[in-house]
Structures are given as structure tokens and as C-alpha cells.
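Reviewing the structure listed below.
Counting from 1, the numbers follow the sequence of the chain as shown.
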Amino acid sequence: MAPGSSGKKSDKKRGKKRYTPQEIPNVSEATRIRVAEILEKFKKSNDDVYKFEDNLCNRERATVHVLCRKMGMKSKSSGKGQQRRISVYKTKKEIPVKEKERLVSFTFSEQSKAVLQDLFSRYPPNDVEMTENKIGESSGTTYKVRAHRDDIFCKPAMTRTEIANKVESLASRIEKTPHLRKITEGRSKLPIASFRDIITSTIESHQVAVAERIASERGENVGDSVGFKILMSATIDAERFSKYFGGCPIIRVPGFTHPVKSFYLEDVLSIVKSDNNNRVTCMKSDETMEDASLTDECRVALDEAIDLALSNDEFDPLLELISSEGNAKVFNYQHSKTGVTPLMVFAGKGRVGDICMLLSFGVDCRLQSNAGRTAFDYAEQDNQREAAEIIKKHMDKALAPSPEDQKLLDKYLSNVNPELIDCVLIEQLLRRICNDSKDGAILVFLPGWDDINRTRDKLLASPFFKDPSKFDIISLHSRVPLAEQKKVFKRPPDGCRKIVLSTNIAETSVTIDDVVYVIDSGRMKEKSYDPYNHVSTLQSSWVSKASAKQREGRAGRCQPGICYHLYSKLRAASLPDFQVPEIKRMPIEELCLQVKLIDPSCKTEEFLQKTLDPPVYETIRNAITVLQDIGALTPDEKLTELGEKLGSLPVHPLTSKMLFLAILLNCLDPALTLACASDYRDPFILPMIPNEKKKAQAAKLELASFYGGNGDQLAVIAAFDCWRMAKEKGEETTFCSQYFVSSSTMRMLSRMRKQLQTELHRCGFIPKDASYCSLNARDPGILHAVLVAGLYPMVGRVVPHGRNSLVETVDGNKVRLHPFSTNVKLSFKKFKVPPLIMFDEITRGDGGLSIRDCSVIGSLPLLLLATEIVVAPASENDDEDGESDFEDADDSDEDKTENNDLSNSHGGKKIMSSPNNVVKVVVDRWLPLESTALDVAQIYCLRERLSAAVFFKVKHPQKILPEHLGASLYATACILSYDGMSGISLPNGPVDSLATMVSAADIGPTNNEKKTVPQNYLKSLMNRQNSGHSHSQPSNTTTIGKNQHQKLASESPTVNALETAMYGTAVTTGKISKRQRDLLENCHDLDPWSSRCNAVSNGGFGPPATGLDGVVPSNLTPAWYWTDMYAAEVIYHDRMTNHKCRTLNPAKATAFYIPFYVGLAVGKYLWFNYTSRDRDYHAVAMLNWVKNQPPWIKSNGSDHFIMLGRLTWDFRRLTQNDAEWGTSFIYMPLMKNNESISCRVVDCSVTHCYDGAPAILEAFLDSDFCFQPKGDGFTRRSAFDCMLAGSIPVYFWKGSFEYQYEWHLPKEASSYSVFIDRKVVRNDTSIVKKVLGEYSREEVRRMRDTIIDFLPRLLYSRSNTDLGSVDDAFDVAMEGVLRRFKEQKRLGNY
């Protein structure tokens, strides 16, 4: 074969055809059925290989190959000639060896480097023993674990008397209310009503008695841990369940249906071919059910005769009735309670002569009793072989079509794949029904939405069906809008025929009372799980006999009807009796964890083998591996403490771990949405109008990008948040309509979120007021980390594939993105290296493998949260043998332990010897990334500490994290905020609105469509929050207001503000005032993720503080506020308006305050792809105006000052490089003579803090000393909180001890604080305890008194309060500013 040629050419030369899964070679249907049954049986077994006999022809082997590919198995032919055989293998996950490729490169930003340098200078990796709290260790107390009680076992919440009163009250209401009385009368006529006494007596004599006896033996009451359940089902294999549960009683309640004629594919082909009115018209009402003319006496006689024959072998009464009546309604009579027919009686008793007699009369062999058994089943069960053989031969003969029908069937099946939906045949059959009958709705069962759309398009393209006044064609699917679903229940006007195209949702969940005709495709979409390939399957498959019966019954619910099965009688006989149980077709991690909670000492596989339908070994093994990877189980399958906590929540274990991480990172709100959506359903509905498809895609894209990324999960989070705001504002209908969101799904998600949040509170993981657990909910980097935690290990990378992109997964598969995904048009060309993708599952459908819901992620969250990372040289040439350890497929625990250590091996030491060495980091032994040795070492340490933090919180949910873990968690949140989105391409500007995207897509509304939403609708929706909304971010700095008298001091220096509107004088034109008003009025737009309106409310103090009960005396609580650290500019401005030295005369002013909020103005532009010009815009505009004002011109600005409410590095950009952080405000020429007092602001970003103020203050109140938390500033917020609580700060930096806040703190630092040099502490941490131990109680008291004396100098009071002679922080700062200006003037400096 020439280089670059493919195997297809070779196949062509040999004359062979390669069939696709949609094609099936021309073989008999019996062969297809037999091969499919063999493969299904093999798939469910524990065998790895199956070999077919050598008697298969080429076409039959081709059929095997096609079905194997569809089922995710491999097949291979071997041998020649007559000896050629085909072998089938269950494919198993393999880790492929990767060729040299472009690597995703990751390096920390300068901000992250500063955070990490600070962290590891205080808490070096070697100084903290990280092995004490390993997540993977057994709890050692699992014998105490008990499974959660099922609420259904519990006693009612009401007493017997209360229940009796309730029943009496209801009876009275029914008597007085006509509507309720009508409902009650209707219920009394239902078939089940006559079984009331039987059900009650059975329960009392069996379940209740047994439950009471067992409870008594256990010394308990019924409802504590012992109870009973009643299982009700219309399609269950009742006999099998009863046998499994020790022969528990079965109560059979027959359902009533009108007679339904059934036709199969052979009949349908004949019907559509015939020109005559052939078998299409159903029975009229006067031709009802065959046994309808039987008198009540005759029915009673038949019931008694059947009972006598079964119980006493008295057959004469039954034979007499059969011979005397002599018609089909007696031959096929079914017992009123059991559904047993005369043929079933004779079959079970082996009365061959009577069987032959009934068969000669044309009795129906296919009838089933209420237990779902036919006459053949009765004969086999009772070992009546001759009877069974006779019945089987008769059934086979009945199944065999006439020669003409068989020829027609063979010809059809030779041209059409029976596993695909034949829209042409459906259209022909519908046309025939409509031509030959006038009334009655038609229900068509189809597998999925694509088939519904194809059939609908086929019908609408036909001139016969396109007239909407004659035909109302309705699509029914679980994801269509509720209004559309309700249409199926409305009867059409006279002359109009209703045709419903539905999935199996109409089998049991929906009853459409005017349906007379049912067309059953025999196919359904069934979700399953392939444990050998780790993929979910959502493929069209054949229905079970139970489902076919349900579909057939839809035509006879309210009147006689006809059902057309679009599959042959042979296929009908081969259908499985029941659907495959969910335990055999779904991943079972939750189930395995619950097993360990029930019996921690058991082996999971042995336990599950006792179930009614045990899952295959590979499924159990995969689940155990997942639980071990997340730390729920140890390598020897013992339950860990983390596992206990994961199992305590009503969600998947992976979801539980995501919630724990979200709580630690203060990102709980979106995690709750993700957790509930994954357990329920996608909230997006399907567009019903063809030209709305692009509009729906555009809406979902806008929602996804609203939270700073490309992802379907982000779209779900944004959709819920926007829906919640729309609902509060009375705009729910508008939002749901325009963004294709299901309001009913959102309401269910809202209820589920509340329940899950309540459960988290009940378990002690979050406080009752959980608002502080969501402070970082809008931080994209942290949000993406939570997303990774919830979806891991489902990770892949995007690779080019022609014009589109595919996702490469761990097993080497190249998987396409589903058309419904927001990333379906993700262009590989936008990325320098392959972007990473997290997804929920891989689905094998009829069109192959696909990923529907996925999100693009950065590499940092993956590096922090992956199960395993190993290091190799960046260059392949560094490996002598050309292979790396990570490519070894050996998964032994020993290998894993060695690979996870970055420095144990000689090679590891060599690679990591220099911090700047570029190394390859391999995630989970397949995904290579690139970074420096130092960055990798720091990530590794953070991984260990993050795991330890999770373990600590799981074990001690109410306790504060140890200091080193708290600092490490804070650092992790910081670097995720800075670099969590690194590598993700983000929009260059504001998010396009739906209106813009729809316009660009050329989707203009038709005359019948609603107008699209206005520009920036989502942003305005989320930003028009009221001040009390729970998702306005609370602050982390505590301030206190006071109500004391404040005296004026006329002899003090004066200050003038450059503002017109505020002061009512013509000093300036008022331009600055307008700019700052614009900022406050548009407070919802100051932050890229959420509103800042709460933060700037109450003059910058923020909302009143909550959650302080037991921390702050109740009489002081009203004086406390949750103040945002970035609101100091507003606080100063508010205070300046009422300053005692303020003057309106510029000539008398000592200094000039510039009332502009530079920090607030720049905040929005610090993130995403804004340019340096964007970040400087407001500051430049302000300075350009100020420099032309007379006071500035007079002094060149030397007596002007401005308050900057952010860290100084946000204002210290050195270049015009767009990638560099912040604005260059401080370095602008006009600013070099001015003073910045930004150090008055606590250095703690609201999006980074991980503990609420109440918890911190409570800890300080119980402490004499508090340690300095070093960070990106010399003094952190908690140092002030420490002193606010009367605790003595301990500093480790000289600058913090002596040179910070000299205006506010005593000059003698040792009078209120302690200094211990950090260098000494690094060498010997015990020195801290020694130094502090030398302070006597009297010295401690004296130092705390000093703190209390200067405490007001650290607090801000409201501008309308009167503090008397007490100066607060603002007064101190202003006194210092004015004193400095006055001194400068005295010295003649300006």
C-alpha cells in the first residue's frame, strides 16, 4: 500500500463493502434477530470474547460487524474459506501513547507568583506535615455508620386523632363542594375501587403484622427503622418480584381498555398497497368489546368455572360453558380478576384435547393474563411439554404470513433497514387512515426528536397534509414548551384531524382521550452504559413486549381503536418481555457508596450479586475505581470519612465532592445549580418553529458567555440566575420565551436547590445564612475550578478535523461535539495550543460518539484537581529509551504512589533540580501540559493542602481551618481568580445581546413571532437588583456607626471640594459631579460579574450586618454594616460633605478634595480583554478636566488630594501593554505631586475572602493574641478585625510593626502589639509560644486597654452621626492630610 493511502482502497480492490451502522446487509430478519440476541447475551456476560460458529456467510458476518460497531464492541474475522470465523471482543479503555505534539503551556501570572511567594515564605512545604490527614484513609469508625432512613418507612407526622379529624374534615368538604363530589364519584367507578377491602386486609395481615413483629423484636416502634412499602406498577414482572421478596402477596387490579385491533408490518404493507378500504376503520361503539354482550350472570359463571378448574381440577363447568355458548367471546374470555383464559387453564393442566379444541375454534394464543403470561408460559411453567409444543407450533403458524405477505415483507426488508424510521411508510399509512376514516386522533410513537422532526417535515412537504385547517400536526417531547404539550389534549375543530408525533412519553405519562389510531414504530431511545468503553449510550432500540402493550392500549383508553405495529410478527415475538433494569444499564457509583454505608464490612460485588438483576463485574469495578479516586474508598475498599460525608448527601458522590470544594472556595450558588440540573434535566426547551433553531442557539451562547466562558454548564448557571431575577421582577414569561427556557424545569430546580441547601445545613457544612458561601460565585476562574471538580474525570482536548473540531479523550477516541452544544462551532484556529474541554458524558448514538454538554477550561483547575500528575522532561530526547513512566499501562497502587511523587526518583530530582527548567506535566497518564519546575512544585503542594482542607472540613465542618490550610486555600482562590481562565479565549468586548446575535444570524422575526429582547437585556436584568438581594456580594470589612455629639473646630484648616451639585456654589462646572453620579447610578455595571449597588449603598457602608447573633451584643448589632473594602471612596466622599472644616470659598481652603471614584471606575476593566486605554479612560478624563480649574492652576495641583479605594498596584501600570495589570493613574504626569491615602483600605478583595466576618471576629474575641497574616500588603484586614475585638496583634515584619498607619496607631508600637522577626520564626516556630508566654496577664490587660482607647481611630462612622470629641478613622486621616498641606505651605514649598 502506498504511503498515505487508506484501507478503504484495499477493500475496494477485494470487492468488499464496508457497511455503516445505519446500513445492514441484506439478510433475513430472523438472522438479524438471532445475531442481536447473541450479542446482547454476550454483552451482559462477564466473558471477554465470543466466537461465532464457522457456518456464517459473508453477509451474516457483515451483519455481525455492523451490530458490533453500534454496540461499542470490536469484531474480527479469521481463517479462510469454510474455516472463516468471526470473534467479538468487549473493547476496554486503553491509555494510548502520544506522539510529539504542541503542549498546553501554563505559567503563573505576576499576581499569582506574588501570592505564592508570600504563602510559601510563611508556610514552606517542609514545615507542615501533610500526611496526617489523608483523604484516602479509612475512617476507622465506619461500623457506626447507618444508612439514611427512607421517609416512606416513617410514621405519619400526625397522630391517629389528627388523621381522623383530617379525614372527617375532608369528607365534609367533599359533601359541600360539587367539584370534589364529582371527582369522588368518578373515583368510585374505577376498577381499583372494588379492590379496596382486599388491599386493606392484605396490608393489615401481611406487611403491618410482619413489620410490628420485627419492630417489637428489635425493641422499636414501626417507623423508626422498620416499616413496609407497597409497590405499584402496570408493567412490572410481578411474579419475579414476589418470589424475590419471599413470596409477598400480589394484588392484581385489572385495568379497563376498549378493544384494540392490532396489525403488524406484514399487514401494514398490504394495507398501504391495497386500493380497497382494508382493515382501517375501527369498530363502532355498538360493535364494542367482544365480551361486552356477555351478561353479568355469564361473566360470574365463567369466573367461577375458571376458579374451579384451577383449584379443584373440575373442568366440566368450564367445558359446558364453552360448548353451550360456542363463540369467540367465551373462547377468549379473561377472568375479571386474574385475566386467565380457558386456554391458559387447559395449558397449565396439560389437557391436550381441550387445547386442540380451542385452537381449532380460533382462540387467541397471544392473550396475556394480568401477570403478563400467555398460555404457552403456563404450559412451560407447569412442565406440560406436549401442551407447550402444540401451542408453540400453532403460534409459529399464526405468525407466519401468507406467501403473498411474506414476499411483500421480504422485498421491503431487503431495501429498508428495520431499525431506522421509515418516514415514507408512516406518511403512506397516515394518508390511508385519513382517506378511509373521518374521525379520531392519530398517535405516532417515534424514538426521538430527530425522528419527530423528520416525520413532521415529511408530512408538511406533502400536499395532502400541509393544510393546517385539515390537519393539526403536534410534536410531543419532554423538552418542548409546556404550552405546546398542552395542545395534544385539545380536540381539534370539526373537519380537522389531530396527528400527534410523540416519544414514549405518551406510553404511560400522558392520556390523549380522542386517540383512536396508534402507529407504533417499535423503537425508543434508551439510555445505557457501556462499562468497557466508559461511555453512555443513547440509541434507538426495540421496545419490550410490556411497552408494546402499553402503546397498543393508548388506542383503546376511551373508545375502541386500532394499533399498527411497524415491525413484523416475528420481531414482535422476539421482543424482550420487559425493559432492561436500570441497575444493569447505568453507572452505579451512588449505589456502591450506599452499599458501603449500609454494610461497611461487606465486599461490594458480593453484596450486589444478591440483587434481583446484578450488574456486570466491569460496571462494579468502574464504580469502585471512581470512588477510590475521589477518596471515598481506600484501595482495599474500606469506607473513608470523606466517603461517609459524600454518601450523606442526596446527589452523586462526584457532585458531593464538588459541593464541598465550592463551600471552601465560597462558590456554592452555581454549584447548587449544577448539582440539581445534573440530577434532573436540561432547562432549555426545543424550538418548535424551524427558523427559531438559530435563535435558540444564539440565546444559549449569550447565556454561556455572560459568565465569562464557552460552556453549556455555564449557560445553565446563567439561565437559572437570570430566571430567578426575571421572576422577582415579574418578567419570567418574557425571559423564558425569549431564551427558550422551561419555567417548570426552573421551578423544580429552585425547589431542589433549597432542599439540597437545607441538607448541607443539616449536615453542618454550611450555616443557615449561606450567602457568605457564594462570595466568589461570579469569579470565572473559581467558577471553572468548581466546574472541573464536578465533571472530572471527563476531560478531553480539542483537535482539528477538517473545518470542524473533535474532542480527543483518554482512550484515544475522537468524539464530535453535538449540534446542541454551545461549543459546536468552536474553532481550533483561535487557539495556539489544543484547548481543554470538560464534559458530562460521551454518548454513543445512532450517529456515533458525541459530547452534548461541555465547557472549555483552563489548565490550572485541572492541574489542581486531577487525580494524578507526573513530571517528565519537556524534550522527548531526554528519555534514553524514548518512553516515559506515565505511558506504562500498569495501574498497580505501587506504581501510582511512585508516579505521584515529584522527587522520589533519580529522574525526578534531575528534572526538578532547577526552578526554571521547562518540564512536561502529564495529567492522569495521558494529557501532557508544559510548565516550569517551580510552578509544578508549587501546584503539587497546593494539591496536597487543598485535599487536606477538604478532609478537615469533612471531618470538622464547624471548625475553622488550621492556619496553614486557611492561608493555602486563600492562595488557591487567589491564583484561580488570576489564572483559572488562562488559556481560554474570551470575548474582546461586552457580551453580545440576543438581539445582536439574532440580527447577525439573519433571523428576523416573522409577523407571527414576538419581538426580540432589547440590547443588553441579560445585563440589565441581573443588574436591576434591589439592595437586599441575596446575590449582591456582601463585604468582608466590618464598620460601626456611632451616635455621639461631634463638636466643630473653627480654628482647624479648611478644605474645599471641587463639586457643584453637592455644594451649590459656582466653584466648578460640575463635570466631576456628573461623572461620579453616573458611576453610582450605574452601580450594576461597576463589576463584570455582579452588581455593586449593595456595596455603595448607605453612603458606602453597605447593607446592615447579619448573622452576628452571639458574636456582637444585640444592642450594638444595628450599628454594624457589611462594608465592601472597595467602597472607601464613597465613604470618604460622604463624610467630606459634612466635614467640620469644609468651606465653600476656594480662597479660604487649605486643601482641595477631588471627589472622583477612580477605584470604582477602573474595577470593571481590570479583567477580560480590555485595553490599557480602557483602564485609563476615566482617570484621564478626570485629570484633563481638573487641570483646567483655577485652584489646580494656582498650585499646580500640589494642594489637591484624592482617595483611591484599591491596592496601589491597581494604579501602578508602568507601560501601555494591554496585558499588564491595572491603570497607570499614579504615574500620570499630573499625579506626581499628589498624595495617595489608599492604605486606609483593608487589603482583602471581596471575591477572595474565604471566611465570613462573624467567624473571624468570634475567633478574635476568644484570643489574647492574633498573628499577622502576610499577603499582598503589609497589613491585612484581619489585623484590624483583631484589634476591633480587643486582641493584641503579633507582627513578623518590622515595617508592619513600626511604620504602618502612623496617623491612626500609637507611636510606641510595643504598647499595643508584639514583634517577632520572621527569620527567627522560620528557624524555630516554638519561639512564638516562648515570647508570648513571657507576657504577664497584667501586661496583656494593659496592652488591650491601649487598643480599646485608640479603637475609634480605626472605625468609620456615618456622616449623619454625632461623635462629640471622639475622632474616627476619617477624622484622623483628614487631620493628617490637612496638617501636611499646612506644613508644606508654611515651608513655602508651594
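- One distance of note links CZ of F765 with NZ of K953; it measures 10.5 Å at 0.5 Å rounding.
- I717 is listed as a side-chain neighbour of L783, based on a closest heavy-atom distance under 4.5 Å.
- Between the side chain of S931 and the backbone N or O of V936 there is no donor-acceptor pair closer than 3.5 Å.
- Between V810 and D924 there is no side-chain heavy-atom pair separated by less than 4.5 Å.
- Judged purely by atom type and a 3.5 angstrom limit, H761 has no side-chain atom pairing as donor or acceptor with the backbone of Q757.
- By the 4.5 Å heavy-atom criterion applied to side chains, E589 and L654 are not counted as neighbours.
- The one candidate from D669, L665, L659, L668 that meets the side chain to side chain contact (heavy atoms under 4.5 Å, CB included) condition with C773 is L668.
- Between the Q594 side chain and the G647 main chain, a donor and an acceptor come within less than 3.5 Å of each other.
- The two atoms that bring C676 and L756 nearest to each other are SG-CD2, 4.2 Å, heavy atoms only.
- A search for side chain to side chain contact (heavy atoms under 4.5 Å, CB included) contacts involving S859 returns V104, F106, L836, L929, not counting sequence neighbours.
- Within the 3.5 Å criterion, the main-chain N or O of K920 finds no donor-acceptor partner in the side chain of E930.
- Taken to the nearest 0.5 Å, the OG atom of S855 stands 6.5 Å off from the CG atom of N823.
- A donor-acceptor distance shorter than 3.5 angstrom exists from the side chain of Q628 to the backbone of P635, with no hydrogens or angles considered.
- We find that K113 and D935 are not joined by a salt bridge, their nearest charged nitrogen and carboxylate oxygen being 4.0 Å or further apart.
- For the pairing with T972, the side chain to side chain contact (heavy atoms under 4.5 Å, CB included) check across L664, I782, L864, I939 returns one residue only, L864.
- Side-chain atoms of P653 and L627, non-hydrogen and from C-beta on, do get closer than 4.5 Å to each other.
- Summarising the geometry, atom CD belonging to E963 is positioned 10.0 Å from atom OG belonging to S968; distances are rounded to the nearest 0.5 Å.
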*Evaluate side chain to side chain contact (heavy atoms under 4.5 Å, CB included) for L942 paired with L119, printing each intermediate quantity in order.*
CA-CA 10 Å; L942 288 176; L119 173 68; 3.8 Å; yes

*asked:* Is there a side chain to side chain contact (heavy atoms under 4.5 Å, CB included) between K638 and K596? Walk through the geometry before answering.
replied: CA-CA 8 Å; K638 289 183 180 179; K596 298 301 289 187; over 6 Å; no

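- For F720, the ring pair (Phe, Tyr, Trp, His ring centres under 6.0 Å) partners at least two apart in sequence or on another chain are W723.
- At least one side-chain heavy atom of Y792 sits less than 4.5 Å from a side-chain heavy atom of L862.
- Annotation: the span from M794 atom CE to I842 atom CD1 amounts to 5.0 Å, rounded to 0.5 Å.
- The OG atom of S982 sits 11.5 Å away from the CD1 atom of I975 when rounded to the nearest 0.5 Å.
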*Go through the steps for Y940 and V871 under the test side chain to side chain contact (heavy atoms under 4.5 Å, CB included), then give the verdict.*
CA-CA 11 Å; Y940 181 78; V871 175; over 6 Å; no

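- Atom NE2 in H956 sits 7.5 Å away from atom CD in E641 (nearest 0.5 Å).
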*Does the pair N776 and L976 meet the rule for a side chain to side chain contact (heavy atoms under 4.5 Å, CB included), with working shown?*
CA-CA 11 Å; N776 297 333; L976 283 170; over 6 Å; no

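- The closest donor-acceptor contact from the side chain of S774 to the backbone of C667 lies at 3.5 Å or more, if one exists at all.
- Considering only heavy atoms from C-beta on, L860 comes within 4.5 Å of F108 through its side chain.
- The shortest distance between side-chain heavy atoms of V856 and I837 falls below 4.5 Å.
- By the salt bridge (Lys or Arg N to Asp or Glu O under 4.0 Å) test, E841 is found to be paired with K527, residues two or more places apart in sequence or in another chain being considered.
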*Could you go step by step and tell me if S112 and D979 meet the side chain to side chain donor-acceptor pair (under 3.5 Å) rule?*
CA-CA 7 Å; S112 291; D979 298 335; 2.7 Å; yes

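- In this structure, R943 contributes its side chain and A866 its backbone to a donor-acceptor pair below 3.5 Å.
- Contact of the D840 side chain with the S678 side chain is not registered, since no non-hydrogen atoms from C-beta on lie closer than 4.5 Å.
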